[in-house]
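The next block holds one structure in the form of structure tokens; read it before the comments.
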2 protein chains.
Amino acid sequence: MAPATTSGSAATEAWTLLQRLMVGQKGRVHTIAAEFGLAPAQMLALQVLEPEHPCPMSALAQALRCDNSNVTGIVDRLEARGLVERRPGETDRRVKILAVTPAGEALRERLQERLREPPEALARLGEEDAQALRDILARALGDA
Amino acid sequence: MAPATTSGSAATEAWTLLQRLMVGQKGRVHTIAAEFGLAPAQMLALQVLEPEHPCPMSALAQALRCDNSNVTGIVDRLEARGLVERRPGETDRRVKILAVTPAGEALRERLQERLREPPEALARLGEEDAQALRDILARALGDA
DNA sequence: TATTGTTATACTCTATAACTATA
DNA sequence: TATAGTTATAGAGTATAACAATA
């Protein structure tokens, strides 16, 4: 009823609160990455790379929203640990296809499991709020 | 009604959707920082530092969830641009108090204005959903 | 000519450890 | 001894530009 933040539209206020929530989670997510010996960008890459769908380097760059040249280094480190591998493109020999190795898939699953755990702020919501939140976010992301 | 994601509690599903939303926003937020010539950590620091409440270096480190030694460099760059300044602590001469300069405050306000703009995904929510989202997040963060 | 991925370069962020000046 | 901030060091992410191989 009363404004939750200073002022502005409800969407603006929600966005402000969302940013605050995520900044507060930075440390926790970073700690999870460290548990697996992964740097943040490496963790994100491993989340994005679906074992069932190998994809070109450029697709990973797009998903990570960074330059192609960065992906080279990130993949180098993941490949050095045997978590992913580069395969030659089949039709276009310029592209390299990234595939998650079995070891990478195993680590990825344990990682996802840890990352799925909701932060305290969400865990303590009542079931009604949690469901409403999930449904609204699903609509926002176009999943509904 | 139907599960929005694969499985799990509503809070877990909401958290998964939230992470997806934020990853999708990474590029936009980074672009805003670049508009002001700020690196991401510098932008975050400028958001955290309230002009009305100067605070010690260590408080900024805590807010940024990084080591004290990092803050030295981040503040060095902000200070070099005249956006913040270090003042000697009044009671304890070991501490340095960070104060946002008038120039920093002006830039900070323009920055906040840009960052307050909600992403497309939230902006297109109906008013009812937007308000519900805001209120739930406010409860989650303990603001209500 | 255009594109994919790499390399070279330069800057920022990050943690750890050693240091200083205070306390 | 302990603490606040700095410095030194090393590793990682980031963008830009130049490059090789391929299209």
Side-chain angles (χ1 to χ4, degrees), chain A residues 23 26-49 54-81 83-99, chain B residues 23 26-49 54-81 83-99:
Chain A
V23 169
K26 195 182 136 191
R28 193 176 72 98
V29 172
H30 190 275
T31 299
I32 293 176
E35 284 176 21
F36 294 92
L38 295 170
Q42 292 169 24
M43 178 178 70
L44 198 51
L46 208 51
Q47 280 184 273
V48 165
L49 292 173
C55 72
M57 302 279 286
S58 56
L60 180 57
Q62 203 170 351
L64 260 45
R65 279 153 234 275
C66 68
D67 195 82
N68 274 0
S69 60
N70 299 325
V71 174
T72 298
I74 293 168
V75 169
D76 278 351
R77 288 166 209 119
L78 290 175
E79 195 168 32
R81 283 185 56 186
L83 302 175
V84 305
E85 65 181 17
R86 279 180 247 233
R87 295 179 186 160
E90 295 173 359
T91 61
D92 187 334
R93 291 197 311 187
R94 288 173 304 181
V95 320
K96 290 179 186 165
I97 303 296
L98 294 174
Chain B
V23 170
K26 195 183 139 193
R28 194 176 71 99
V29 172
H30 190 274
T31 299
I32 293 175
E35 283 176 21
F36 294 91
L38 295 170
Q42 291 168 24
M43 178 178 71
L44 199 52
L46 208 51
Q47 279 185 273
V48 165
L49 292 172
C55 74
M57 302 278 288
S58 55
L60 180 56
Q62 203 169 351
L64 262 43
R65 279 153 233 275
C66 69
D67 195 82
N68 274 359
S69 60
N70 300 325
V71 174
T72 298
I74 293 169
V75 169
D76 278 350
R77 288 164 210 121
L78 290 176
E79 195 168 31
R81 283 186 55 185
L83 301 176
V84 306
E85 64 180 18
R86 279 179 246 234
R87 296 178 185 162
E90 295 172 0
T91 60
D92 187 333
R93 291 198 311 188
R94 288 173 304 180
V95 321
K96 290 178 186 166
I97 304 296
L98 294 175

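Sequence lines set the chain letters: A, B, ... in the order given, protein chains first and strands last, and positions in each chain run from 1.
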Rounded to the nearest angstrom, tell me the gap between atom CD in B/Gln62 and atom C1' in D/dT3.
14 Å
Of all nucleotides in DNA chain C that come within under 4.0 Å of a heavy atom of chain B, which is furthest toward the 5' end and which toward the 3' end?
C/dT12 to C/dA23
Should A/Leu46 and A/Val84 be marked as a side-chain contact (heavy atoms from CB on, under 4.5 Å) after you check the CA-CA gap, both sets of side-chain angles, and the distance that decides it?
CA-CA 9 Å; A/Leu46 208 51; A/Val84 305; 4.3 Å; yes
Could you pull out the closest heavy-atom pair between A/Met43 and A/Ala33, with the gap in Å?
SD-CB, 3.6 Å
A side-chain contact here means heavy atoms from C-beta on lying under 4.5 Å apart; do A/Gln62 and A/Val71 qualify?
no
Could you list all the salt bridge (charged side-chain N to carboxylate O under 4.0 Å, His left out) pairs where at least one residue sits in residues 29-38 of chain A, not counting sequence neighbours?
A/Glu35-A/Arg114
Testing the basics here: between A/Asn68 and A/Ala61, what is the closest heavy-atom pair and its distance to 0.1 Å?
OD1-CB, 3.2 Å
Looking at CG of B/Asn70 and CG of B/Leu64, how far apart are the two atoms once the value is rounded to the nearest 0.5 Å?
8.5 Å
Least distance between heavy atoms, B/Glu85 atom then B/Glu79 atom
CA-OE2, 3.5 Å
Nearest 0.5 Å, what's the CG-NE2 distance between B/Leu38 and B/His30?
10.5 Å
The contact string for nucleotides 4-12 of chain D, one letter per nucleotide 5' to 3', using protein heavy atoms under 4.0 Å with B, S and - for base, sugar-phosphate only and none, comes out as SSBB----S
